[in-house]
There are 2 protein chains.
Amino acid sequence: MAKIQSKKNSTKKEIIIEKASKLFREKGFGAASMRDIAETVGVEAASLYNHIQSKSEILQAICFKVANEFISHLEDVERSGQPTLKKMETIIRFHIRMMLDQYEYVYISDHEWRHLPEPYLSNFLNQRRSYRKRLGDIIEDGIANNEMKNIEPYVAILTILSAISGIESWQRSRKSTSADTLEANMVKYLIEGLKK
Amino acid sequence: MAKIQSKKNSTKKEIIIEKASKLFREKGFGAASMRDIAETVGVEAASLYNHIQSKSEILQAICFKVANEFISHLEDVERSGQPTLKKMETIIRFHIRMMLDQYEYVYISDHEWRHLPEPYLSNFLNQRRSYRKRLGDIIEDGIANNEMKNIEPYVAILTILSAISGIESWQRSRKSTSADTLEANMVKYLIEGLKK
DNA sequence: ATGCCAACCTAACAGTTGTTAGTTTTGTTT
DNA sequence: AAACAAAACTAACAACTGTTAGGTTGGCAT
């Protein structure tokens with residue numbers, strides 16, 4: 001058996017996905033070619049197919065990895081028994097941290113999912129809809145027991161998630177604002193707007 | 001001279017841009033081909049070049065049209081002498097309305113600008129940075145004269161603009177929430193989070 | 001040493017891309 | 001009716017796309 005592990009304790013497949021992520025984010029899924037990816041991996045394009053099955057498999061891996069992390073975290077929060085406002089803060093902070101720590105992956109999951117082939121596309125969108133619905137239910141609870149002001153749960157969720165995904169713009173910027181300042185202020189803004 | 005006006009009182013160039021917008025939004029700039037565009041216009045791909053110079057010229061037209069509308073509106077607001085909180089509400093409502101009424105164009109300007117060729121790309125990003133800076137100045141004024149709570153202006157602007165651009169997701173949805181409800185609730189959320 | 005096999009390579013495929021050249025159609029103006 | 005130009009057409013280009021076929025290399029287990 002040849003070396004299947006590289007220095008970073010990750011398989012070649014994982015390396016390909018990691019390098020591809022950067023390109024997908026920079027140029028978009030369509031504009032990043034297999035030859036582009038191969039070059040950054042240090043290999044010919046055809047050789048990639050020893051590790052992956054297709055270009056879109058890379059996209060699938062990224063999108064579902066991210067989706068699963070969010071769903072899994074949400075389940076923890078749902079089971080936690082915290083007050084609803086605290087639940088929302090925990091979720092908001094998790095989303096922000098994901099945006100800071102796993103920028104490439106989260107960005108792609110946010111913006112390039114439309115290039116998923118069926119049936120993965122429908123699958124992804126279903127998971128997404130269900131995730132947002134469950135967040136909406138938390139807001140609904142918060143309004144019902146007077147922790148939150150009366151706001152359309154759907155609109156609140158849309159606002160929160162979109163605001164956080166805007167951190168992508170901060171990532172591309174010269175970062176005169178620190179990550180901590182960003183997190184603190186965004187949490188403050190989004191929670192204050194929710195609190196009764 | 002042949003007919004330069006079509007039934008809709010718009011030039012063929014405008015028709016091309018309009019049809020291309022829909023495709024760019026649905027498939028992305030890279031994935032929408034000139035032949036795709038030509039088909040929806042009802043013409044061969046080569047014939048498009050009687051009206052436009054290149055594919056990216058279409059993108060430029062869209063991005064700068066949108067940018068100019070926002071800048072022009074901001075100038076009106078700056079000159080209006082309203083209290084800062086009212087200024088921000090006016091701007092937020094304008095952004096929301098643009099997202100509702102000119103969805104295709106605004107979406108493309110938001111998401112496909114990266115495919116602009118230089119020097120248009122730098123130009124666009126400069127305009128954008130300047131626009132956000134001026135919005136930040138309004139927030140700064142609002143904090144200084146105690147209309148708004150103490151929040152990092154940059155983060156506030158990032159949050160507001162990102163939240164609004166998330167309306168794209170509502171546009172794609174089954175719309176169980178009406179446009180008016182959406183606007184009312186999002187304005188409420190974003191302004192309440194700002195108000196002292 | 002020998003055999004094995006994962007992982008690389010080169011070469012090629014069939015299709016698509018944006019765009020140009022050259023020609024013909026079309027409708028209007030003289 | 002003749003002339004003109006805008007706008008359509010066909011055909012082709014060079015480059016690039018994702019992917020496959022088939023051969024070569026290099027390190028491990030026997």
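Values below: all heavy atoms of this structure, side chains included; hydrogens, waters and symmetry mates excluded. Naming: A, B, ... by sequence-line order, numbering from 1 per chain.
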Could you check how far CG of Leu48(A) sits from P of dT17(D), rounded to whole Å? 13 Å

Which whole-number value in Å describes the distance from Ile16(B) CD1 to dG18(C) P? 14 Å

Counting just side-chain N and O atoms, does Lys12(B) come under 4.0 Å of either OP1 or OP2 of dA8(D)? yes

Closest of dC8(C), dT20(C), dC9(D) to the Tyr49(B) side chain is dT20(C)

Please check the phosphate of dC16(D) (OP1 and OP2 only) for any side-chain N or O of Ser33(A) closer than 4.0 Å. no

For a side chain to side chain contact (heavy atoms under 4.5 Å, CB included) with Met88(A), tell me which candidate from Val77(A), Ile157(A), Leu190(A) qualifies. Ile157(A)

Between dT17(C), dC9(C), dC9(D), spot the one nearest the side chain of Ser47(A), thanks. dC9(C)

All pairs passing ring-ring contact (aromatic ring centres under 6.0 Å, His included) where residues 77-98 of chain B contributes a residue, at least two apart: Phe70(B)-Phe94(B), Phe70(B)-His95(B), His73(B)-Phe94(B), His95(B)-Tyr131(B)

Is the shortest distance from a Lys or Arg side-chain nitrogen in Arg172(A) or Glu168(A) to a carboxylate oxygen in the other one below 4.0 Å? yes

Could you tell me the separation between the NZ atom of Lys13(B) and the P atom of dA6(D), rounded to a whole number of Å? 15 Å

Under a 4.0 Å threshold between the charged nitrogen and the carboxylate oxygen, would Glu69(B) count as salt-bridged to Lys65(B)? yes

note: Lys27(B), atom NZ; dT17(C), atom C1'; distance rounded to Å ~ 12 Å

Whole angstroms only, please: what is the CG-C1' distance between Asp36(A) and dG18(D)? 12 Å

Which of these nucleotides, dT19(C), dC9(C), dC8(C), is closest to any side-chain atom of Asn50(A)? dC8(C)

Return whichever of Ala46(A) or Ala32(B) has its heavy-atom-nearest nucleotide of DNA chain C closer to the 5' end. Ala46(A)

Electrostatic pair Glu89(B)-Lys195(B), nearest N-O below 4.0 angstrom: no

Just the rounded figure in Å: distance from P of dC16(D) to CD of Glu39(A). 12 Å

Nucleotide dG18(D), atom P - distance to CZ of Phe24(A) in whole Å: 9 Å

Minimal heavy-atom distance between Pro117(A) and Ser56(A), with the atoms involved, is CG-OG, 3.6 Å

Hey, what are the protein-to-nucleotides 12-14 of chain D N/O distances that come in under 3.5 Å?
residue: dA12(D); atom: N6; partner: Arg35(B); partner atom: NH2; Å: 3.4

Salt bridge present between Lys13(B) and Glu57(B) (N-O < 4.0 angstrom): yes

For the side chain of Ser54(A), starting at C-beta, report the closest nucleotide among dC9(D), dT19(D), dC8(C). dT19(D)

Of the nucleotides dC8(C), dT10(C), dG18(C), which has the atom closest to the His51(A) side chain? dC8(C)

Length of the NZ-C1' vector between Lys55(B) and dT20(C), whole Å: 17 Å

